[in-house]
Amino acid sequence: MELIERSPAPGEQPLASIQVFAGLSIIIPTYKEVDNIPLILKRIDALRRDGNLSLEVIFMDDNSRDGSIEAVEQSGYDWARIVVRTENRGLSPAVIDGFRSACNPIYICMDCDLSHPPEVIPQMVLALSSGQQFILGSRYVPGGSTDDDWGIFRWLNSRVATLLARPLTSAKDPMSGFFAFRKADFDKADSLNPVGYKVALELIVKCGFRNIGEVPIRFLDRRHGESKLTLKQQVQYIQHLRRLYIHKFSNTMHLLQFFVVGGSGVIVNLAVLTVLLQLGLPEAVCLAGGIAISLVTNFLLNRRFTFSYARGSRIWTQFAGFVASSSVGMAVNYSVALYLRAEVLPETPYALQLAALLGIAGGMIFNFLGSRYVVFRKNYIRR
Ligand SMILES: Nc1nc2c(ncn2[C@@H]2O[C@H](COP(=O)(O)OP(=O)(O)OP(=O)(O)O)[C@@H](O)[C@H]2O)c(=O)[nH]1
Ligand SMILES: [Mg+2]
């Protein structure tokens with residue numbers, strides 16, 4: 001943490017009088033924010049002078065072509081610059097690119113639309129200096145708030161999104177686009193791959209931040225320009241969550257998806273078995289038919305979803321491996337079902353289906369272990 005002590009000047013604000021913060025890089029993603037750029041720069045400049053801060057501001061603009069470049073240049077601030085991006089557009093990639101091109105030890109990210117008050121930046125940096133790793137400008141801690149005219153839908157939307165992220169972090173407002181952390185932690189991050197809007201959540205998970213602080217902010221609705229938050233971004237958020245869950249709970253997520261696919265296999269198995277039984281085939285053949293068809297559907301679904309990271313490998317090799325690794329499970333399944341049907345279960349309707357169900361349960365655990373650690377093990381991926 002780069003904090004330089006200095007003595008307070010007479011009449012200075014208490015926060016600014018305690019310390020001078022050396023080296024902030026403020027990253028501001030922009031798309032068509034020409035009206036807001038001069039306003040935010042003016043407020044950051046006031047902050048910079050009051051606190052004698054050393055900082056750079058980098059606008060990461062996705063080729064707005066609305067005069068944003070001129071707005072930054074005409075501001076006359078040599079600590080502000082704009083980077084115009086024409087590839088891999090989007091808010092999250094723009095922010096990540098901004099961090100990559102920043103050079104100061106403390107990174108701040110904030111929106112350009114003045115929803116995020118720059119005046120709390122010193123407080124965020126102080127919180128970092130007290131040992132916390134990641135500081136959010138938060139609407140949902142005591143003292144934080146949103147504009148009064150948030151309708152119920154917008155409020156609910158924000159709250160549900162936050163709730164879905166709860167297993168990933170205990171932070172109250174991980175959806176916030178206003179946050180601060182250290183360059184050193186960014187440099188250590190696992191491969192970043194954010195989709196959509198939730199950069200803070202991506203960083204919290206990928207950098208493994210545990211010690212997260214939240215500084216209350218009053219979140220004001222934009223006065224100039226238009227919101228770029230669309231339904232597409234909301235859908236992308238679900239995809240993003242899935243990836244982050246897999247990243248954080250790798251084995252548990254694989255197991256969970258494996259069980260969901262397995263559940264679909266049970267339905268396929270029982271349906272096939274029942275149809276074959278209706279056709280008058282011997283019970284042993286019906287049991288085997290149900291097992292065989294569900295084996296194929298399970299393989300295809302696991303390859304597509306549960307272990308999708310290994311989709312690049314040859315399907316037939318994987319299928320052979322899946323059959324081989326499932327063979328013990330299948331044998332267990334088949335023998336348990338035949339045995340229960342013949343020796344244990346009474347002559348009731350659906351006795352064969354019940355026997356099949358118990359056989360499946362017995363065989364399933366063998367299948368999971370074989371798939372996870374043999375067929376779809378990670379070193380099958382070709383780069
Ligand atoms: N570089 C870049 N910036 C973007 C993009 N989309 C949005 N932004 C910027 O990201 C910030 C947040 O976007 P907003 O449209 O304000 O989204 P929001 O704050 O979730 O929504 P509102 O509450 O309606 O303001 C703003 O500074 C935007 O200009 C994009 O695709 N690329
Ligand atoms: Mg906004």
Side-chain angles (χ1 to χ4, degrees), residues 25-44 57-69 71-72 80-102 107-118 120-121 136-140 144-162 164-165 173-179 192-203 217-238 240:
S25 289
I26 304 178
I27 307 302
I28 308 182
T30 54
Y31 188 65
K32 298 199 188 293
E33 300 284 5
V34 64
D35 293 336
N36 286 315
I37 286 174
L39 302 177
I40 199 165
L41 280 176
K42 211 166 152 217
R43 280 173 64 178
I44 293 176
V57 170
I58 312 176
F59 292 97
M60 298 301 294
D61 185 79
D62 276 4
N63 204 14
S64 300
R65 287 187 284 186
D66 63 344
S68 292
I69 301 175
V72 177
R81 63 189 157 104
I82 183 164
V83 174
V84 178
R85 308 171 70 252
T86 50
E87 282 168 19
N88 188 21
R89 289 156 78 159
L91 189 152
S92 295
V95 171
I96 301 293
D97 277 1
F99 290 145
R100 288 191 180 125
S101 68
Y107 289 173
I108 313 258
C109 176
M110 65 191 303
D111 289 359
C112 192
D113 56 7
L114 305 171
S115 294
H116 302 146
V120 304
I121 289 176
L136 288 157
S138 176
R139 298 162 287 186
Y140 302 135
S145 59
T146 55
D147 246 359
D148 300 329
D149 60 355
W150 269 37
I152 180 75
F153 177 73
R154 190 169 176 197
W155 183 86
L156 206 67
N157 191 13
S158 171
R159 282 314 180 105
V160 169
T162 308
L164 291 175
D173 194 4
M175 305 292 116
S176 175
F178 190 18
F179 53 88
L192 295 167
N193 188 12
V195 283
Y197 261 44
K198 311 304 174 192
V199 197
L201 190 62
E202 172 83 8
L203 288 165
I217 59 162
R218 175 156 180 76
F219 181 94
L220 293 177
D221 285 342
R222 57 162 72 244
R223 304 275 179 263
H224 306 280
E226 282 170 20
S227 170
K228 288 97 202 172
L229 184 64
T230 59
L231 189 65
K232 185 174 160 210
Q233 262 101 38
Q234 319 254 24
V235 174
Q236 279 182 339
Y237 175 57
I238 301 296
H240 190 195

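Order of listing sets the numbers, starting from 1, for every ligand and every atom in it.
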- Tell me whether Asp221 has at least one N, O or S atom under 2.8 Å from the Mg ion (ligand 2). no
- Enumerate the atoms of ligand 1 whose separation from the nearest heavy atom of Glu33 is less than 4.0 angstrom. 26 (C), 27 (O), 28 (C), 29 (O)
- Query: Would a 4.5 Å heavy-atom cut-off, applied to side chains only, mark Arg222 and Leu114 as touching?
  - Reply: no
- Task: Decide yes or no on salt bridge (Lys or Arg N to Asp or Glu O under 4.0 Å) for Arg154 and Asp221, but give the supporting numbers first.
- Result: CA-CA 12 Å; Arg154 190 169 176 197; Asp221 285 342; 3.2 Å; yes
- What atoms of ligand 1 come closer than 4.0 angstrom to any heavy atom of Ala94? 1 (N)
- Arg159 to Tyr140, cation-pi by 6.0 Å centre distance and 45° axis angle: yes
- Message: Is any side-chain heavy atom of Cys109 closer than 4.5 Å to one of Val199?
- Response: no
- Item | Backbone or side-chain N or O of Asp61 under 3.5 Å from ligand 1 N or O | no
- Note on the structure: Atoms of ligand 1 under 4.0 Å from any heavy atom of Leu91, numbered from 1 in the order shown, are 5 (C), 7 (C), 8 (N), 9 (C), 10 (O), 11 (C), 12 (C), 30 (C), 31 (O), 32 (N)
- Arg89 near ligand 1, heavy-atom distance under 4.0 Å? no
- Query: Quick one: which ligand 1 atoms are inside 4.0 Å of a heavy atom on Asp113?
  - Reply: 16 (O), 19 (O), 25 (O)
- So which bit of Arg154 gets within less than 4.0 Å of ligand 1, heavy atoms only: side chain, backbone, both or neither? side chain
- Message: Are any of the N/O atoms on Ser115, whether in the backbone or the side chain, positioned under 3.5 angstrom from an N/O atom of ligand 1?
- Response: no
- Counting from 1, what ligand 1 atoms have a heavy atom of Asp62 closer than 4.0 Å? 1 (N), 2 (C), 30 (C), 31 (O), 32 (N)
- Item | Atom indices of ligand 1 within 4.0 angstrom of Arg222 heavy atoms, with elements | 14 (P), 15 (O), 16 (O), 25 (O)
- For ligand 1, which atoms sit closer than 4.0 Å to a heavy atom of Cys112? 27 (O)
- Query: ligand 1 versus Lys32, non-hydrogen atoms closer than 4.0 Å: side chain, backbone, both, neither?
  - Reply: neither
- Query: Is there a nitrogen or oxygen of Phe219 sitting under 3.5 Å from a nitrogen or oxygen of ligand 1?
  - Reply: no
